[in-house]
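In what follows, chains are A, B, ... by sequence order, proteins preceding strands, each numbered from 1.
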Number of protein chains: 2
Amino acid sequence: MAATLHDVARIAGVSIKTVSNVINDYPHVKPDTRARVQTAIEELGYQPNLSARSLRSGLTGAITLALPELSLSYFAELADAVIRAAERAGKVVLIEQTNGDRTRELEVLTSPRLKMTDGLIFSPLGMGMDDVDRLEVPYPLVLLGERIFDGPADHVTMRNVEAARAATEFLLERGRKRIVVIGAHEDEVIGSAGLRLRGYREALDAAGLDFDPALIGYTTLWHRSNGATSMRALLATGVEFDAVFGLNDTLALGAMRAIQEAGLRVPDDVAVIGFDDLDEAQYSLPSLSTVNPGRDEIAETAVATLLQRIGDRDGAIGDARQILARYEIVERESTPPL
Amino acid sequence: MAATLHDVARIAGVSIKTVSNVINDYPHVKPDTRARVQTAIEELGYQPNLSARSLRSGLTGAITLALPELSLSYFAELADAVIRAAERAGKVVLIEQTNGDRTRELEVLTSPRLKMTDGLIFSPLGMGMDDVDRLEVPYPLVLLGERIFDGPADHVTMRNVEAARAATEFLLERGRKRIVVIGAHEDEVIGSAGLRLRGYREALDAAGLDFDPALIGYTTLWHRSNGATSMRALLATGVEFDAVFGLNDTLALGAMRAIQEAGLRVPDDVAVIGFDDLDEAQYSLPSLSTVNPGRDEIAETAVATLLQRIGDRDGAIGDARQILARYEIVERESTPPL
DNA sequence: TCGAACCCGTACAACGTTGTAGAGTGACGG
DNA sequence: CCGTCACTCTACAACGTTGTACGGGTTCGA
């Protein structure tokens with residue numbers, strides 16, 4: 001059986017509270033008492049019982065990260081970044097997968113399992129603005145993503161509209177005029193698809209170009225195969241274009257494959273840009289230009305914000321905050337200069 | 001503040017133990033008492049305090065999964081599968097990243113943070129056979145991977161040698177005779193690289209072909225760029241070959257890119273096969289044939305085995321077991337039939 | 001020399017839960 | 001009519017930790 005404070009105390013010949021004081025670096029302990037206790041601790045290989053500590057303190061030292069699924073590279077890389085940020089703060093991360101399913105997401109928000117941790121970083125995909133009040137929860141919560149805005153919780157996200165506009169302008173500056181979009185969602189206003197499409201339209205407007213609905217490829221899911229399928233469908237319509245903006249990298253990579261299959265060359269005939277800056281974007285053929293939406297910054301900020309809320313037991317921080325990460329265009333082979 | 005058993009008991013007019021009995025479905029509770037308690041529970045929105053329950057029971061209902069990093073697709077997909085399997089059993093998963101660093105791995109094995117969970121599923125990359133006794137730990141442990149065999153813990157893994165042999169034979173059957181290997185490790189005997197290379201050699205032997213060291217590409221890391229670099233180096237030697245066996249999918253995808261850059265065609269000039277059956281293998285151009293090493297089965301078995309050990313407090317199960325998953329060749333465009 | 005101030009350590013209670021022991025009630029058989 | 005048994009519920013202790021309150025000792029200045 002694992003050693004407890006009592007065991008250590010008995011061996012060191014002190015009270016359990018003194019042992020506790022040594023462990024928690026309480027200053028008023030005589031050096032030789034401290035040494036005696038330390039020796040006993042090492043001798044027994046004592047490690048504190050975290051359940052007992054949690055019960056006493058009300059804190060666990062863990063946080064939950066709820067996201068759609070780790071098989072999606074974007075979320076895997078996000079989880080990686082969150083775990084690293086948490087570790088730097090001495091916290092540990094528990095992961096829940098929702099599959100982007102609204103019901104499951106709502107479940108997670110009220111799951112008793114959350115009580116195993118001190119707070120939640122939540123990246124919903126199925127919930128929408130109608131569910132905004134479900135975010136009114138009795139524990140610290142930081143929201144990610146672009147499904148819900150102006151909710152009752154701190155929200156850390158990316159500059160979707162500006163970044164998408166910048167990506168589009170990046171193509172326009174390189175002489176491309178007919179830019180296909182892959183991954184649009186019908187009638188969506190917010191959500192990654194809606195916002196990024198808005199950025200695209202803003203860039204066209206600013207350049208005095210007309211928006212051509214024939215250039216928009218719709219697909220609900222954002223897997224690579226969806227990018228390829230959507231692109232093939234557009235190619236089949238015979239519409240003319242000289243560039244593609246994939247609303248995320250996997251779509252762009254799928255689209256790039258379809259373009260090449262059709263005998264067109266990237267980037268000579270068609271320039272391609274993605275969004276997310278996944279690791280694999282640098283290894284495609286040709287390597288994929290993309291938008292780095294500040295994922296590491298988002299993870300870092302989300303963890304820091306959550307820990308602040310956890311530490312702030314009397315609500316000194318105040319209302320929900322909106323925090324936006326910096327984005328950056330990453331130029332690679334798929335978008336050559338003029 | 002959150003409600004406790006005391007609050008519920010007061011409202012329902014019973015003792016806290018009766019409430020506890022209702023919650024734990026203890027049979028001898030009068031129906032109307034039960035109903036009264038249920039009502040009180042719902043009225044207060046009572047949820048049990050898991051820290052207290054853990055303290056009392058010694059179990060947390062969580063397990064730790066320690067792996068190199070989630071940014072590597074293989075491990076992201078493994079984590080996904082482990083989380084799903086755990087969830088089916090009502091358990092939750094906490095993830096630790098080691099970066100495949102030996103020191104960090106040894107740290108994780110003795111980290112106090114492990115006490116937050118009931119057991120560990122451990123996939124080391126830096127540790128080796130010399131560290132085998134470090135696996136003698138005072139908590140339930142299931143080992144994954146091929147760094148350590150015949151250790152003191154249950155071990156769930158894939159049939160590396162057989163599967164690699166099957167992949168090689170698959171190429172041989174399709175008329176390929178000079179098969180490059182990408183991803184070998186100098187002088188490695190076990191480890192994924194060592195075992196898969198052994199399978200490759202066994203297939204050659206069985207076919208009466210000589211092993212040609214000129215066909216082996218060495219690279220320590222298994223990222224896509226390493227596959228590309230290693231392949232370029234081999235191309236530069238001018239050695240002749242008609243197929244490539246990437247010791248994992250990312251290497252194979254990187255190698256495929258380098259082959260295509262060099263003006264060779266896949267699969268006409270060079271057939272390519274990988275190992276792991278990552279999601280992305282089906283979306284490359286051409287799509288990549290590969291070995292499905294039974295990842296889902298490994299995850300499922302690892303969780304089941306760990307939970308057995310956790311439930312087995314008096315050591316009834318006995319010695320460490322070795323469990324091997326079934327593999328399967330996945331045929332795609334990169335390896336056309338004869 | 002004495003009180004104040006500080007240092008070091010202890011005892012006890014409490015966090016919220018569940019196991020154990022046992023008390024009270026009613027039914028039933030002898 | 002009494003003992004037994006099954007049922008329902010309660011009181012209490014315990015899991016291992018830390019906060020609070022306090023007691024005895026030393027040191028220092030007046």
Side-chain angles (χ1 to χ4, degrees), chain A residues 1-41 44-62 112-118 138-139 313, chain B residues 1-41 44-62 112-118 138-139 313:
Chain A
M1 229 27 317
T4 73
L5 283 184
H6 285 92
D7 303 322
V8 178
R10 194 160 17 83
I11 297 215
V14 295
S15 78
I16 56 167
K17 189 64 224 277
T18 300
V19 181
S20 170
N21 286 339
V22 169
I23 289 165
N24 296 292
D25 281 325
Y26 177 76
H28 301 309
V29 179
K30 247 195 292 186
D32 74 320
T33 311
R34 185 180 295 276
R36 213 144 29 93
V37 171
Q38 286 291 9
T39 312
I41 287 177
L44 291 174
Y46 168 78
Q47 290 191 327
N49 178 314
L50 298 183
S51 294
R53 191 176 271 179
S54 297
L55 174 59
R56 190 56 239 234
S57 69
L59 292 177
T60 65
R113 281 141 56 140
L114 280 179
K115 314 252 320 219
M116 237 183 267
T117 61
D118 301 330
Y139 51 81
R313 318 199 73 158
Chain B
M1 227 31 311
T4 73
L5 284 184
H6 285 91
D7 303 322
V8 178
R10 193 159 18 81
I11 297 216
V14 296
S15 78
I16 56 167
K17 189 63 223 278
T18 300
V19 182
S20 171
N21 285 340
V22 169
I23 290 167
N24 296 292
D25 281 324
Y26 178 75
H28 301 310
V29 179
K30 249 196 293 187
D32 76 319
T33 311
R34 186 181 295 275
R36 214 145 26 93
V37 170
Q38 287 290 8
T39 311
I41 287 177
L44 291 173
Y46 169 79
Q47 290 190 326
N49 179 314
L50 299 182
S51 294
R53 192 175 270 180
S54 297
L55 174 58
R56 191 57 238 236
S57 70
L59 292 177
T60 65
R113 283 141 53 141
L114 280 179
K115 313 253 318 217
M116 236 181 266
T117 61
D118 301 329
Y139 51 81
R313 317 197 74 158

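- For residues 46-56 of chain B, no pair satisfies salt bridge (Lys or Arg N to Asp or Glu O under 4.0 Å), with sequence neighbours left out.
- Contacts classified as ring pair (Phe, Tyr, Trp, His ring centres under 6.0 Å) and involving residues 21-41 of chain B (residues at least two apart or in different chains) are given here: Tyr26(B)-His28(B).
- Rounded to an integer number of Å, the gap from His6(B) NE2 to dC15(C) P is 8 Å.
- Atom CG in Leu59(B) sits roughly 16 Å away from atom P in dC15(D) (whole-Å rounding).
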Would you list the atom pairs, donor with acceptor, under 3.5 Å between side chains in residues 2-13 of chain A and any protein atom, with sequence neighbours excluded?
unit_1  : atom_1 : unit_2   : atom_2 : d
Thr4(A) : OG1    : His6(A)  : N      : 3.1
Asp7(A) : OD1    : Arg10(A) : NH2    : 2.8
Asp7(A) : OD2    : Thr4(A)  : N      : 2.8

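- Remark: Asp32(B) pairs with no residue by the side chain to side chain donor-acceptor pair (under 3.5 Å) rule, at least two apart or across chains.
- In this structure Ser54(A) satisfies the side chain to side chain donor-acceptor pair (under 3.5 Å) test with no other residue, sequence neighbours excluded.
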Look for any protein N or O under 3.5 Å of an N or O in nucleotides 9-12 of chain D and output each such pair with its distance, or none.
unit_1  : atom_1 : unit_2   : atom_2 : d
dC9(D)  : OP1    : Thr33(B) : OG1    : 2.0
dC9(D)  : OP2    : Lys30(B) : N      : 2.8
dT10(D) : OP1    : Ser15(B) : N      : 3.2
dT10(D) : OP2    : Ser15(B) : N      : 2.8
dT10(D) : OP2    : Ser15(B) : OG     : 2.8
dT10(D) : OP2    : Thr18(B) : OG1    : 2.4

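- A sub-4.0 Å separation between OP1 or OP2 of dG19(D) and a side-chain N or O of Arg56(A) is absent.
- In this structure, the side chains of Val14(B) and Val22(B) stay at 4.5 Å or more apart for every pair of heavy atoms.
- Separating the CG atom of Asn24(A) from the P atom of dG19(D) is a distance of 7 Å, rounded to the nearest angstrom.
- Across the protein-nucleic acid pair, Leu5(B) atom CG and dA14(C) atom C1' stand 15 Å apart, rounded to whole Å.
- Residue Ser20(A) places none of its side-chain N or O atoms closer than 4.0 Å to OP1 or OP2 of dT17(D).
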(Q) side-chain contact (heavy atoms from CB on, under 4.5 Å), that's the test. Do Val37(B) and Val29(B) meet it? Break it down for me. (A) CA-CA 10 Å; Val37(B) 170; Val29(B) 179; over 6 Å; no
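- Distance CZ (Arg53(B)) to C1' (dA14(D)): 17 Å, rounded to an integer number of Å.
- For the helix from dT1(C)-dA30(D) to dG30(C)-dC1(D), the terminal axes (five pairs an end, C1' atoms, rotation from four pairs onto the next four) enclose an angle of 60°, given to 10 degrees.
- Shown here are the side chain to side chain donor-acceptor pair (under 3.5 Å) partners of Thr18(B), two or more places apart in sequence or in another chain: Ser15(B).
- Remark: Tyr139(B) engages no residue in a ring pair (Phe, Tyr, Trp, His ring centres under 6.0 Å) (not counting sequence neighbours).
- Regarding Leu55(A), its CG atom lies at a distance of 8 Å from the C1' atom of dT17(C), rounded to whole Å.
- Atom CG of Asp7(A) is separated from atom P of dC15(D) by 11 Å (rounded to the nearest Å).
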